[in-house]
Amino acid sequence: MTDTAPANLDETSVDHIIIRFAGDSGDGMQLTGDRFTSASALYGNDLATLPDFPAEIRAPAGTLAGVSAFQVQISDHDITTPGDAPSVLVAMNPAALASELHRLLPGGTIIANEDTFDERNLAKAGYANSENPLEDGSLDGYTLIKVPMTSLTKEACAELGVKPRDADRSKNFFALGLVSWMYSRPMETTTDWIKAKFAKNELVVAANTAAFKAGHAFGETAELGAHKVTISPAKLEPGTYTNINGNTALSWGLVAATQLSGIPMFLGSYPITPASDILHELSSKKSFNIRTLQAEDEIAAVASAVGASFGGHIGVTTTSGPGVALKGEAMGLALSLELPLVIVNIQRGGPSTGLPTKTEAADLMMAMYGRHGESPMPIVASYSPAQCFDAAIEACRLALKYRTPVMFLSDGYLANGTEPWKLPDVDSLPAIDVEFATAPNAKNDEGEDVFWPYLRDPVTLARPWAIPGTPGLEHRVGGIEKQDGTGNISYDPDNHAHMVQIRADKVAVIADDIPPTMVTGPDDADLLVLGWGSTWGAITSAVRRATAAGHSVAHAHLTHLNPFPKDLGDVLKRYPKVIVPEMNLGQLSKLVRAEYLVDAQTVSKVKGQPFTAAEIYDVIVGALQ
Amino acid sequence: MSDTTVPETTKADWTSDQEPRWCPGCGDYSILTAVQMLMPELGVRRENTVFISGIGCAARFPYYMDTYGMHSIHGRAPAVSTGLAVARPDLDVWVIGGDGDMLSIGGNHLIHALRRNVNIKILLFNNQIYGLTKGQYSPTSEPGKVTKSTPVGSIDEPFNPISLAIGAEATFVARTHDMDRKHMQEMFRRAHAHKGAAIVEIYQNCNVFNDGAFAQITKRDKRDAMLINLVHGEPIRFGAEQERGLAMNSAGQIEIVEIADVGSDALLVHDEASEDPALAFAISRLATAPTMPTPVGVFRAVERPEYAAEVNRQVDEVTASHGAGDLHGLLRSLPTWDVTA
Ligand code: SF4
């Protein structure tokens, strides 16, 4: 069994635990969760995380809108999701308790900062008549641990000469210390980190360290012994690991593609949640022959990348859904110019501003069809945080080899979620061979050597990439329709029909160059769960659970959505039932129904939150009845 | 390449095999000829020269140059060119567009390219009308203009492209017109020699939809009286007998004066290199329409670090201090742990 937490902690050893840290946006809960995760990763647990924060820079303190949460599952075995219901909820204030309690497993543990449960905060959190849930018996079904975190933190910091108001800011480290004690996390990982992170301010180092140690000591001394739990390191495959989120893995994949191809990279990007971290990461990777431009807008971001591609770089642009909407015309240009370009869409809730910090995967149809005219574009989608690395290399490979814009789909959940990643041996990553044109490739009517920019490779249908600076290959390209071969402007009706078909064929032939559908489970299973993108973790977990419960279920997951793997039709037709869980209203299922005439059933979730394994498990069991 | 001498070329070498498709009599022809004739004099290579355009009549220009070229999308040529110039600082990148392309749909890209000082040479063909879409008013059309989309007259205040460029922190700003090849070539030569973003506004006659828009100042017999030639370091004077000039009045405003009235010592001396753009801006405001005496020439030419060079300097410096990127090391730059069998 995976992803199901034990309901009480009266054991010395468990195989996994799901903890949710929740507090006000100003309480530093993302940092607390992140540090607990790092300590667990270095300790050797398998893990997966789900940061869940509001879009506002700072909602009014103490309100429900201002609650920021971070969920992490740690385990002694292979897991694929941050878990469904947490068994431990750390609530730094009444709003955090009010907003997050419904997620907690029945009988789970609540660790509350009781100092904050005063009349004002209770009222702000919506507790009628300021009834204090810590006192009124409403939490009787849970294990409640009340800790005066604020005052204990202030006490611990008092002799350091830290002002009480500043000491208040260290209370998240008290919580971290307490939870670290409960789960036997080594202390040094955190104390070393505090030292390095706040090196510029000794007083802050002292205060945070004191708070952290006080939290740890509180667990030790306050007779919380019954709650102490150990989770052994997971038996992961041998190798060197790091804990990584999707946006970092994606950035490093882009860096790797530059190294593997020897082609410099140009990133044009405009800041947008949740994609900005890729711009930040690549801006600090200049020594890898990467140039970045923070453009004036989304259109300039993609247009500058097209210009760089014309000059012989890999043009990349990174954004989220609203940005992709703005880039449509320039993507069409790249498609018409037949130049390499990678467009990264870190999907978020839409339409319009939608839910900037919440996840959704509803841009698949936009990736397929969101340009005018017949404008097919290969689509690569990543399915786990670490796998963003491989997927980014694949997107660049296709763009470079087929001289085409490629859409890369990730989402907010993958972008910010983390998991341990077994680092690949960089020498074993396959090279990406790219050749620029260096010589004329045709003769004109007078028999002279000339260069035809649209004379294609017969297999890939890619046109030659002749970059400025190459003598004798001067040529003009444009978004206007051109004659195949010569590249000269052409309004000929038959030529246009031919070019429309060629551009479609060029994407279609990629099917010969991608792996078959990733399928797990028996060929004769009663049900297939078809997924794409970040649903992989929840589907994998749910299918494992269903299989353990005696059901016969298979799971197919797509990394390439255009073209589909060649065997996808056969795979889908092999199973009597196909369900498609998607964070949209059924976009992939529409595509496969249209393409393969299979009765794929949509399982939809559009709540800004990823699927839980339990939700998918229930659908599987329901479908099999 | 070991051979560093640039081969001699002629106009024919810079002329592609594509027939220009502008309306007969269009001012674009004379601009094209001016550029094709100038290129052999610049000592540059065809393969290192790129023309990038957006959409509009003017935007067909790259097809007629036997260089590298891209006919991109409406308004985006400055952005496309910025990417190319950053990726390839070794190239000469020219940007071609009209007033609709550069000042309306692409206005944002234009001002940002100028303020960044990217090494691109922008030729702004200003004909004060939309030609390709057949005659709607443009962001430089005069108020009251009657067009298909303004049947009772335009109520829009137009842009003054020179004022806009100066306001956008441009380091090189010039104006010329399609009736004077020598002057155009002089402005293009100056733009080419400038390190950074250079914009040259060219008054261009659209003889189909806005014929004669500039005739009151560019006709051969009007030029002396109506064009105020800006020459760096010289008092600003014009007129058939050079009898008029520009001076600053007691309120600090620039005005046209009769030299006979004020004496030549009162004339303003043109300083294109002045760090303070105030005077260049004031001169650009002198004529609100090409029916009044209008300054032409280089308004502003100042030095500032060039963007692409700066981007590449940072790349080189980081690479020199950190060493060339090491992927193996990068993957281990966050905390790692080992799992053994
Ligand atoms: S419409 Fe005007 S600008 Fe366009 S080609 Fe004809 S004359 Fe020239």
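In what follows, every chain begins at residue 1, and chains take the letters A, B, ... in the order their sequences are listed.
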### Message
Side chains of D46(A) and H77(A): any donor to acceptor distance under 3.5 Å?
### Response
no
### Query
Looking at P233(A), G239(A), G479(A), which has the largest count of heavy-atom pairs under 4.5 Å with chain B?
G239(A)
### Message
K235(A): which residues meet the side chain to side chain donor-acceptor pair (under 3.5 Å) condition with it, sequence neighbours left out?
### Response
none
### Lys NZ or Arg CZ of R291(A) over F266(A) ring: under 6.0 Å, within 45°
no
### Message
Is the ring pair W421(A)/W252(A) parallel, tilted or perpendicular, if the boundaries are 30 and 60 degrees?
### Response
tilted
### Query
By a 4.5 Å heavy-atom criterion (distance strictly below it), what part of L91(B) contacts chain A: side chain, backbone, both, or neither?
side chain
### Query
Among residues 328-337 of chain A, which ones touch chain B with a heavy-atom distance under 4.5 Å?
E329(A), A330(A), L333(A), L337(A)
### Within 45° cone and under 6.0 Å: R185(A) NZ/CZ vs Y43(A) ring
yes
#### Entry: Validation row: I343(A), L341(A) side chains within 4.5 angstrom (heavy atoms)
yes
### Query
What residue, out of P424(A), G315(A), A308(A), G312(A), has the most heavy-atom pairs lying under 4.5 Å from chain B?
A308(A)
### Query
By a 4.5 Å heavy-atom criterion (distance strictly below it), what part of N243(A) contacts chain B: side chain, backbone, both, or neither?
both
### Query
Side-chain contact, heavy-atom cut-off 4.5 Å: P440(A) with L473(A)?
yes
### Contact origin within S72(B) toward chain A - heavy atom pairs under 4.5 Å
both
### Message
Is A41(A) in contact with chain B via its backbone, its side chain, both, or neither, using a 4.5 Å heavy-atom distance?
### Response
both
#### Entry: Best-contacting candidate, N289(A), I299(A), D425(A), T292(A), against chain B by heavy atom pairs under 4.5 angstrom
I299(A)
### Lys/Arg-Asp/Glu bridge criterion (N-O < 4.0 Å) met for E298(A), K327(A)
yes
### Query
Do W14(B) and T67(B) have side-chain N/O donor and acceptor atoms under 3.5 Å apart?
no
### Query
Who wins among D338(B), V339(B), T340(B) for the most heavy-atom pairs under 4.5 Å with chain A?
V339(B)
#### Entry: Residues that K134(B) engages under side chain to side chain donor-acceptor pair (under 3.5 Å), provided they are two or more places apart
none
### Query
Which answer fits Q18(B), side chain, backbone, both or neither, if we ask what part of it has an atom under 4.5 Å from a heavy atom of chain A?
side chain
### Query
Between the side chains of N117(B) and T171(B), is a donor N or O closer than 3.5 angstrom to an acceptor N or O?
yes
### Ring geometry between H194(B) and F172(B) (parallel below 30°, tilted from 30 to 60°, perpendicular above 60°)
tilted
### Query
Is there a side-chain contact between H109(B) and E296(A), using heavy atoms and a 4.5 Å cut-off?
yes
### Query
Side chain, backbone, both or neither: which part of L429(A) has a heavy atom under 4.5 Å from chain B?
side chain
### Query
Which region of D326(B), side chain (C-beta onward) or backbone (N, CA, C, O), has a non-hydrogen atom less than 4.5 Å from a non-hydrogen atom of chain A, or is it both or neither?
backbone
### Query
Top residue by heavy-atom pair count (under 4.5 Å) with chain A, among V318(B), D90(B), L327(B)?
L327(B)
### Task
Name the member of V306(A), T248(A), D297(A) that forms the most heavy-atom pairs with chain B at distances under 4.5 Å.
D297(A)
## Note on the structure
Cut-off 4.5 Å, heavy atoms of chain B, and the answer for P264(A) is neither
### Query
Is it the side chain or the backbone of P453(A) that comes within 4.5 Å of chain B heavy atoms, both, or neither?
neither
### Task
Below 4.5 Å from any heavy atom of chain B, which atoms of A305(A) appear? Answer side chain, backbone, both or neither.
neither
### Task
For atom OH of Y307(B), decide whether the heavy atoms of other residues, nucleotides or ligands shown that lie under 6.0 angstrom number more than 12.
yes
### Query
At a heavy-atom separation under 4.5 Å, does H475(A) approach chain B through its side chain, its backbone, both, or neither?
both
### Task
Compare all side-chain heavy atoms of F436(A) with those of I263(A) and state whether any distance is below 4.5 angstrom.
yes
### Message
Less than 3.5 Å apart, any donor N or O on the side chain of R116(B) or T82(B) sitting next to an acceptor on the other?
### Response
no
### Query
Looking at A113(B), S321(B), A324(B), P335(B), which makes the most heavy-atom pairs under 4.5 Å with chain A?
P335(B)
#### Entry: Largest heavy-atom contact set with chain A, pairs under 4.5 Å, which of V315(B), N108(B), I73(B)
I73(B)
### Message
Given heavy-atom pairs under 4.5 angstrom as the criterion, report whether the side chain, backbone, both or neither of V311(B) touches chain A.
### Response
side chain
#### Entry: Proximity of residues 50-63 of chain B to chain A, residues having a non-hydrogen atom under 4.5 angstrom
V50(B), R60(B), P62(B), Y63(B)
### Message
I'd like to verify something: which residue of L331(B), D66(B), T336(B) has the highest number of heavy-atom pairs under 4.5 Å with chain A?
### Response
L331(B)
